[in-house]
Amino acid sequence: MITCALTGVLTDPKQHPVPVTPEQMGREAKAAFDAGAAVMHVHFRQQAPGKGHLPSWEPEVAKAIMQAIRDACQDVILNETTGTLGADISGPLACLRAVKPEIAACNAGSLNYLKVRSDGSWAWPPHVFDNPVEKVKAYLDVMRETNTQPEFECFDIGIVRCVGMYAKNGMFAGKPKYNFVMGVESGMPADPDLLPILQKQTIAGSPWQVTAIGRENIWPLHRRAAELGGHLRTGLEDTFYLPDGNKVGSNGALVDMLARYARDAGRAIASPAEARVVMGLAA
């Protein structure tokens, strides 16, 4: 099952060719869909001129973007982002209720979000990507209300283990879907050798995938994930580069390369209908 993360959080469309408008999002989703992606992970951007680098939590914007993707890709599975800093999550919750996606990201734990430049200075002001238990539970409660399956975003091995505790506590029902986010500098490195260790920390029989962030170092990780039975994700949120270092201008090229890796590992590419069976989603 291949997921395409179409645009990401803050990448400036003036610097990199990320889609922003409903029309652009639909076009990029179609390119990814035709290359083999059954799931689209969707971020919403502000639509005013010059504001496309900023996130939007306007329900009407969310609905317009999601509808454009649905119109472009028959039966595609929609996966909505929810990540925010701070305690106010009213915007993401409003978008969840407006769109009612089949899947939504649920960041499963907190992380010091850091990056250091080559000269030792901070690339951005250090901050905490805060996802305390009460925030996680608030998301899960609304996802239960909207019949949305959570995808647990795990930036470190301790966060993977927390998902098991959420299950024991009854915070969600059914098998969790794990997303190992690897390559964030203050989180798990994009190291293929970590994957067997991470698998051991999941609830048996649960589907998992890898989000690999970076450049050429991520592609061996994708290949190993395919070999170990994981599901795959790529897109302009995660990288702009193919294994040979060439920069891409569309999600389609990234998904096409990921599909090749899956086939090289003897894996078939799931259609949306097949992905729903894998995920336990309603037809």
All salt bridge (Lys or Arg N to Asp or Glu O under 4.0 Å) counterparts of Arg27, not counting sequence neighbours: none
Taking only distance into account, with no hydrogens and no angle test, what donor-acceptor pairs under 3.5 Å do side-chain atoms of residues 240-247 form with protein atoms, sequence neighbours excluded?
| residue | atom | partner | partner atom | Å |
| --- | --- | --- | --- | --- |
| Asp244 | OD1 | Asn246 | N | 2.9 |
| Asp244 | OD1 | Asn246 | ND2 | 3.3 |
| Asp244 | OD2 | Asn246 | ND2 | 2.9 |
| Lys247 | NZ | His16 | ND1 | 3.1 |

Residue list, side-chain contact (heavy atoms from CB on, under 4.5 Å) with Ala259, at least two apart or on another chain: Ile2, Arg263, Ile269
Check: residues 73-80 side-chain donor-acceptor pairs under 3.5 Å, at least two apart:
| residue | atom | partner | partner atom | Å |
| --- | --- | --- | --- | --- |
| Asn79 | OD1 | His41 | ND1 | 3.2 |
| Asn79 | ND2 | Glu151 | OE2 | 3.1 |
| Glu80 | OE2 | Leu96 | N | 3.3 |

Test salt bridge (Lys or Arg N to Asp or Glu O under 4.0 Å) applied to Lys137 - qualifying residues, sequence neighbours left out: Asp141
side-chain hydrogen bond (donor to acceptor under 3.5 Å, both in side chains) partners for Asp238, two or more places apart: Arg233
By salt bridge (Lys or Arg N to Asp or Glu O under 4.0 Å) - contacts of Glu227 (at least two apart): Arg224
Using atom types as modelled, flag every donor-acceptor pair under 3.5 Å from a side chain in residues 52-62 to any protein atom, sequence neighbours excluded.
| residue | atom | partner | partner atom | Å |
| --- | --- | --- | --- | --- |
| Ser56 | OG | Glu58 | N | 3.2 |
| Glu60 | OE2 | Lys63 | NZ | 3.1 |

Qualifying residues under side-chain hydrogen bond (donor to acceptor under 3.5 Å, both in side chains), relative to Asn131, sequence neighbours excluded: none
Tyr166: partners by ring-ring contact (aromatic ring centres under 6.0 Å, His included), with sequence neighbours left out: none
Per-pair distances, 0.1 Å, donor-acceptor, side chain in residues 99-106, under 3.5 Å, sequence neighbours excluded:
| residue | atom | partner | partner atom | Å |
| --- | --- | --- | --- | --- |
| Lys100 | NZ | Arg97 | O | 2.8 |
| Glu102 | OE1 | Arg276 | NE | 2.9 |
| Glu102 | OE2 | Arg276 | NH2 | 2.8 |

ring-ring contact (aromatic ring centres under 6.0 Å, His included) partners of Phe152, counting only residues at least two apart: Phe172
